[in-house]
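If you scroll down you'll find the structure; I have some questions about it.
Everything numeric in this text was worked out from a predicted model, so none of it was measured.
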Amino acid sequence: MPRWTLAVGALGAALLAGARLLWGRGLLGYAGGEVYGHAWVQWWHGQALPDWPSGTELAAGADPWPVIDPLVTGLGALLGRGLGYTAGWNLVVLVGFAGAFLGGAALARREGGLPWVGGAVLATSTALIGSAASGLTEDLALGLLAGALALLLAPSMGLALLGGALLGLLAWTGPYLAWMGGVVALGLGAHGIWRDRDSWKRWLGAALVALCVAWPAAWLQGERLSGAGHRGGQLLEQSEPLWRVNPWHGVDLASFVAPGKVDLSGRPLLRLHPGYLGFVALGLALYGRRSRWWAVLLLGLVLAPGEQLRLLGEPLGVANPFAWLLDQVPLGGLFNHHGRFLLIGQLGLAVLAARGAARLPGRAWLGPALALAVALEILLVSPAPLPLPLTDDRIDPIWEQVSAGPVLPVPAAGPGVHFQQPLFEQRAHGQALVIEPNRPGYPPGVTRSELGRWLGAVHLEPPAELSGLEATLVVRGSHVPHLTEVLGPPDVEAEGGAIWVLPR
């Protein structure tokens with residue numbers, strides 16, 4: 001089939017990911033993830049264009065605030081400034097899925113596989129879907145990584161140098177994906193030089209170009225890459241009922257092959273990292289011949305479980321025998337969730353499945369037919385939330401009534417209120433918030449006062465001391481009666497809540 005027909009596959013991947021937009025509205029992504037926080041970063045960068053601030057005073061502890069994915073954030077900010085920030089966010093996500101299809105197709109073609117199959121496996125990979133649903137925009141450049149590797153593997157010096165430039169550009173889309181891509185590129189380069197000693201010049205040139213392009217981005221992330229503020233994943237010793245989507249630290253062994261949808265309604269804050277690989281893709285991969293890409297797939301599979309092994313949600317009490325590999329390479333210990341290693345594992349699976357499909361007898365329609373089969377399996381039986389869910393982007397009118405800061409939302413978090421939601425709602429008023437973007441609850445400056453501690457738990461006994469705070473309280477509807485009993489009538493009431501200006 002002509003190469004231009006792959007544009008149909010890319011469009012199909014984007015439509016499948018964003019299908020809920022056809023009958024609903026909102027931000028593509030799961031409301032319990034980090035959608036609100038990442039969308040907030042795109043917003044204040046968009047408001048500052050053409051300037052590119054290193055941080056913001058719109059929230060506590062956000063100055064400085066080095067953006068983890070400046071290229072992706074910049075694109076979302078630019079689109080948001082022109083089309084609206086919800087539209088800008090959604091377009092960035094859709095471009096990520098379309099790019100994954102095109103990148104997977106290019107890499108599959110380079111390695112002798114059917115492009116449609118390689119594109120479909122990568123664009124419907126549960127690792128990519130989980131990252132997108134969680135709001136992790138830094139993983140949306142998976143297709144860029146696949147395209148860079150396709151160019152690096154070309155016999156032409158010019159194409160290899162271009163591949164090095166794209167590999168370096170990954171550092172501007174997010175350090176984690178760039179780091180994983182660098183590891184895969186090093187392995188492929190070592191294998192390529194072993195097979196063809198004369199290829200070392202091409203690989204060395206590409207590596208130097210990649211380093212030159214990536215170095216400024218790595219310098220901007222210096223504190224993060226040094227491990228400062230590294231939180232580390234949560235090691236669970238108890239049963240995990242959501243093991244199919246692996247919300248904490250690593251991937252459950254059973255989640256690689258266990259089908260079944262997961263009900264996420266009413267769930268607390270969590271990231272989604274489903275590990276399901278898909279039997280169609282695995283079957284095609286097994287039908288293919290021996291390939292170096294098995295090493296790439298296996299690398300992702302053995303690192304994804306993290307430090308401890310779990311099965312069907314239960315800890316096995318056994319350490320991952322391959323976890324030591326991360327200690328052998330720089331920055332290997334900075335991953336909060338090891339399930340992200342499946343992003344590179346899916347690269348290997350996409351190539352292997354495409355190569356296996358190429359061995360099947362068939363006509364021109366074989367590639368699209370197999371691509372459809374891959375997509376339908378992920379859509380119908382995998383735990384991955386496909387199409388992507390929608391996060392409500394509506395902002396209650398009460399936030400438009402805020403005229404002065406600093407603003408203290410009440411509650412800062414809780415049932416039905418994501419702790420980053422006030423950041424998103426800030427676009428309605430533009431005043432500084434007395435909350436920290438990555439930490440639920442109030443900062444110490446608030447909780448030092450008796451009133452501030454009570455505002456964090458208004459259902460407890462009212463405080464005896466009502467002073468010590470200077471802030472504009474924006475109180476959601478369910479908490480308005482409690483504050484009225486203690487503080488008296490509000491200064492402003494509107495749909496969604498009420499406002500008290502302290503001190504009174």
Side-chain angles (χ1 to χ4, degrees), residues 17 30 33 96-97 100 103-104 107 118 120-146 149 170 174-184 187 233 240 242-259 262 270-282 285 293-311 320 322-323 325-326 332 334-353 374 377-378 382-386 388:
Y30 169 59
F97 279 87
L107 185 57
V121 172
L122 199 62
T124 62
S125 64
T126 57
L128 175 63
I129 296 169
S131 288
S134 301
L136 303 180
T137 52
E138 61 267 32
D139 290 342
L140 291 175
L142 182 60
L144 179 63
L145 171 56
L149 294 176
L170 275 173
Y176 297 111
L177 195 58
W179 183 89
M180 290 186 287
V183 170
V184 173
E240 173 50 70
L242 297 178
W243 56 268
R244 282 183 172 86
V245 292
N246 302 302
W248 308 113
H249 191 64
V251 170
D252 190 288
L253 296 177
S255 71
F256 290 129
V257 293
V262 177
L270 51 85
R271 291 179 176 180
L272 309 178
H273 292 280
Y276 187 74
L277 298 174
F279 287 101
V280 175
L282 282 173
W293 290 95
W294 281 108
V296 178
L297 172 59
L298 292 175
L299 179 65
L301 294 181
V302 301
L303 294 180
E307 297 177 19
Q308 64 173 353
L309 299 180
R310 303 176 63 87
L311 183 67
N320 183 355
F322 299 99
L325 290 172
L326 290 178
L334 294 184
F335 282 76
N336 289 331
H337 199 299
H338 293 83
R340 294 173 94 163
F341 284 108
L342 284 181
L343 290 167
I344 58 171
Q346 290 282 358
L347 283 173
L349 181 60
V351 174
L352 292 167
V374 168
E377 180 185 5
I378 301 301
S382 85
L386 188 71
L388 294 176

note = Residue pairs passing the side chain to side chain donor-acceptor pair (under 3.5 Å) test with at least one member in residues 137-146, sequence neighbours excluded, are H38-T137, D69-T137, S131-D139, E138-R340, D139-R340
query = Taking only residues two or more places apart in sequence or in another chain, which ones pass side-chain hydrogen bond (donor to acceptor under 3.5 Å, both in side chains) with W243?
reply = none
key: Which atom of A132 lies closest to which atom of L388, heavy atoms considered   = CB-CD1, 4.2 Å
ask   = How about M180 and L343: do any of their side-chain heavy atoms sit closer than 4.5 Å?
value = yes
remark   = Hits for salt bridge (Lys or Arg N to Asp or Glu O under 4.0 Å) against R244, two or more places apart or cross-chain, chain-then-number order -> none
task = Locate the shortest heavy-atom distance separating V296 from G348; write the atom from each residue and the value.
result = CG1-N, 4.0 Å
task = State, to 0.1 Å, how close L342 and G300 come at their nearest heavy-atom pair, and which atoms those are.
result = CD2-O, 4.0 Å
key: NE2 on H249 to CD on Q308, rounded to 0.5 Å   = 6.5 Å
query = So how far is it from L142 CG to L347 CG, rounded to the nearest 0.5 Å?
reply = 5.0 Å
inquiry  = Can you list everything that forms a side-chain hydrogen bond (donor to acceptor under 3.5 Å, both in side chains) with S255? Sequence neighbours excluded, please.
reply    = N246
key: Nearest non-hydrogen partners of A285 and L349, listed with the distance   = CB-CD1, 4.1 Å
request  = Report the residues that fulfil side chain to side chain contact (heavy atoms under 4.5 Å, CB included) with T124, sequence neighbours left out, ordered by chain and then residue number.
outcome  = L16, V374, A375, I378
Side-chain touch V262/P274, heavy atoms, less than 4.5 angstrom = no
request  = Applying side chain to side chain contact (heavy atoms under 4.5 Å, CB included), name anything that partners A123, two or more places apart in sequence or on another chain.
outcome  = A13, A100, F101
message = Just to verify, what does A353 make a side chain to side chain contact (heavy atoms under 4.5 Å, CB included) with, not counting sequence neighbours?
response = V117, V121, A281, L284
message = The criterion is salt bridge (Lys or Arg N to Asp or Glu O under 4.0 Å); which residues satisfy it with D252, sequence neighbours excluded?
response = none
request  = Supply the atom-to-atom distance R271 CZ to H337 NE2, rounded to the nearest 0.5 angstrom.
outcome  = 8.5 Å
message = Using every non-hydrogen atom in the two residues, find where A304 and F341 come nearest and quote the distance to one decimal.
response = N-CB, 4.3 Å
Check: Y176 and L136 side chains under 4.5 Å, non-hydrogen atoms = no
Interatomic distance, H273 atom NE2 to T126 atom OG1 [nearest 0.5 angstrom] = 11.0 Å
key: Atom pair CG (L107) and CG (L122), whose distance is rounded to the nearest 0.5 Å   = 8.0 Å
task = Classify the ring geometry between Y276 and F279 as parallel (under 30°), tilted (30 to 60°) or perpendicular (over 60°).
result = perpendicular
ask   = If you look at every heavy atom in L145 and G181, which pair is closest and at what distance?
value = CD1-CA, 3.5 Å
task = Return each pair, listed once, that meets salt bridge (Lys or Arg N to Asp or Glu O under 4.0 Å) where at least one residue sits in residues 121-135; pairs must be two or more places apart or across chains.
result = none
inquiry  = Can you list everything that forms a side chain to side chain contact (heavy atoms under 4.5 Å, CB included) with L299? Sequence neighbours excluded, please.
reply    = V183, L303, I344
key: Backbone N/O of V280 and side chain of E377: donor-acceptor pair under 3.5 Å   = yes
key: Spatial distance of atom CG (L144) from atom CG (L170) [nearest 0.5 Å]   = 4.5 Å
